[in-house]
Protein chains: 2
Amino acid sequence: MLKSNTDKRSRLIEAAVMLTYRHGFGATSLADIAREADVPLGNIYYYFKTKDEIGEAIVERRLERFRAFTQRLSALSPKERLEAFVQMTIESAPELAKSGCPVGTFCSEIHKGGGPLTEKASHLFAGTLDWMEAQFAGLGKGADSRKLAIHLLSALQGMSVLAHTLRDPGLVATEVEGLKEWLRGL
Amino acid sequence: MLKSNTDKRSRLIEAAVMLTYRHGFGATSLADIAREADVPLGNIYYYFKTKDEIGEAIVERRLERFRAFTQRLSALSPKERLEAFVQMTIESAPELAKSGCPVGTFCSEIHKGGGPLTEKASHLFAGTLDWMEAQFAGLGKGADSRKLAIHLLSALQGMSVLAHTLRDPGLVATEVEGLKEWLRGL
DNA sequence: GTCTATAGGCAGATAGAC
DNA sequence: GTCTATCTGCCTATAGAC
């Protein structure tokens, strides 16, 4: 019973993560999520009281994924970790061109609403920035670390917006090459 | 009769531009636009057959504004024009932190839908890129001009996404400073 | 050209049987 | 815990009087 419980809940979140990434949070209906997860519409409300609660679950799932990803980099040096992070964006260039950055597009959309989800969504960027800052600090960048983290994330976000809007995955490789050179020169 | 006609139509577009910028295109209803423009709801359909047609009008209005802006820079040198462009983002830092880049957030949202508006919205970025490319070409950058244009627009978009999501207008000044230095060094 | 009233559909959310 | 049926409200779009 607990198993099927978490199974369904997890399937719902996974479906919500994917559909929201592809079509946006507002454009994804609970019926869409239920169908994708193969769960009856009304049953969603046993797991989530409101649609916004699903939004919170999406944020948490993405945070978990991010933590899992950075943990896999724990054996590397700070500089190698940062390089691995930007390398990841090259590998996901096709998805970036199709739907943009999963974190950036979600945050942008949610922040236009101004509702209670806004604060929760901010954690996604804040968490990424904190991790990047820690890597730059590990590189000996001291007080500049935060600024460098913002600069790096900003560059990746801009690249994603353009690759998405111009539907050009090749743009990712070009911009990332410049970023890697920038990282090496630090 | 023609006057009041264009008046109303123009008021509707202006209201749509503003509300869509603040809350997103999908989250803005025709009723919202009608109320803001002080036009009865049903009367919208005399000017626009569908909501998507309002989206197209939004794109066109923004393109006009962009052309008007670049025309005001015609007396300057190519480098001064680019500097004026990035300077503009500093002046609009408060709005950027509140609602993001008007062009970037609109394009991001529309591109998730995949509808017929998508192509139209692309013109916004394409037009900006073409203009930037022409300035870099005027600087003697030749074949590198397109890449430089993409890099500049990408940096501005990334900055906007972060300023928006972190609600931090101060971030704009910091990033633009780096961009201005980059421009001077070209 | 302008406006009111409303159709028709789909969204989020709930009730209640099982 | 699960699922069907349904409520309520808002959305886009239309009909039709003026």
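By convention in this document, chain letters (A, B, ...) are assigned in the order of the sequence lines, proteins followed by strands, and residues within each chain are numbered from 1.
The shortest distance between the side-chain N/O atoms of A:Tyr46 and the OP1/OP2 oxygens of D:dT2 is not below 4.0 Å. Contact annotation: B:Tyr47 reaches the phosphate of C:dT2 (side-chain N/O to OP1 or OP2, under 4.0 Å).
Between A:Phe106 and A:Arg62, the closest side-chain pair of non-hydrogen atoms is not below 4.5 Å. When side chains are defined from C-beta on, A:Tyr21 counts as touching B:Lys112, because their heavy atoms get closer than 4.5 Å. By the 4.5 Å heavy-atom criterion applied to side chains, A:Glu53 and A:Thr50 are counted as neighbours.
A:Lys147 forms no cation-pi arrangement with A:Phe136, by the criterion of a distance under 6.0 Å to the ring centre and an angle within 45° of the ring axis.
As rounded to whole Å, 17 Å separates atom P of D:dA5 from atom CD1 of A:Ile44. Atom NZ in B:Lys51 sits roughly 13 Å away from atom C1' in D:dA13 (whole-Å rounding). Rounded to a whole Å, the OH atom of B:Tyr45 is 16 Å from the P atom of C:dA7. Atom P of nucleotide C:dG1 and atom CZ of B:Phe48 are separated by 14 Å, given to the nearest angstrom.
Partners of A:Phe48 under the ring-ring contact (aromatic ring centres under 6.0 Å, His included) rule, at least two apart in sequence or in another chain, do not exist in this structure. Not counting sequence neighbours, the partners of B:Gln157 by the side chain to side chain contact (heavy atoms under 4.5 Å, CB included) test are A:Val161, A:Leu162, B:Cys101, B:Phe125, B:Leu153.
Contacts between residues 106-121 of chain A and DNA chain D, defined by a heavy-atom separation under 4.0 Å, are absent. Within residues 25-36 of chain A, the residues approaching DNA chain C are A:Thr28, A:Ser29, A:Leu30, by heavy-atom distance under 4.0 Å.
No salt bridge links B:Arg67 with B:Glu60; every basic N to acidic carboxylate O contact stays at or beyond 4.0 Å.
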Could you list the donor-acceptor pairs under 3.5 angstrom formed by side chains in residues 174-186 of chain A, with sequence neighbours left out?
unit_1, atom_1, unit_2, atom_2, d
A:Thr174, OG1, A:Gly170, O, 3.1
A:Glu175, OE1, B:His151, ND1, 3.1
A:Lys180, NZ, A:Gln87, OE1, 2.4

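Under 3.5 Å, the side chains of B:Ser77 and B:Glu80 contain a donor-acceptor pair of N or O atoms. Between the side chains of B:Arg22 and B:Thr28, no donor-acceptor pair is found at a separation under 3.5 Å.
Partner A:Ile58 forms a side-chain contact (heavy atoms from CB on, under 4.5 Å) with one of A:Thr20, A:Leu124, A:Leu63 and no other, that one being A:Thr20.
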Set out, line by line, the N/O atom pairs under 3.5 Å between protein and nucleotides 3-5 of chain C.
unit_1, atom_1, unit_2, atom_2, d
C:dC3, OP2, B:Lys8, NZ, 2.6
C:dC3, OP2, B:Asn43, ND2, 3.2

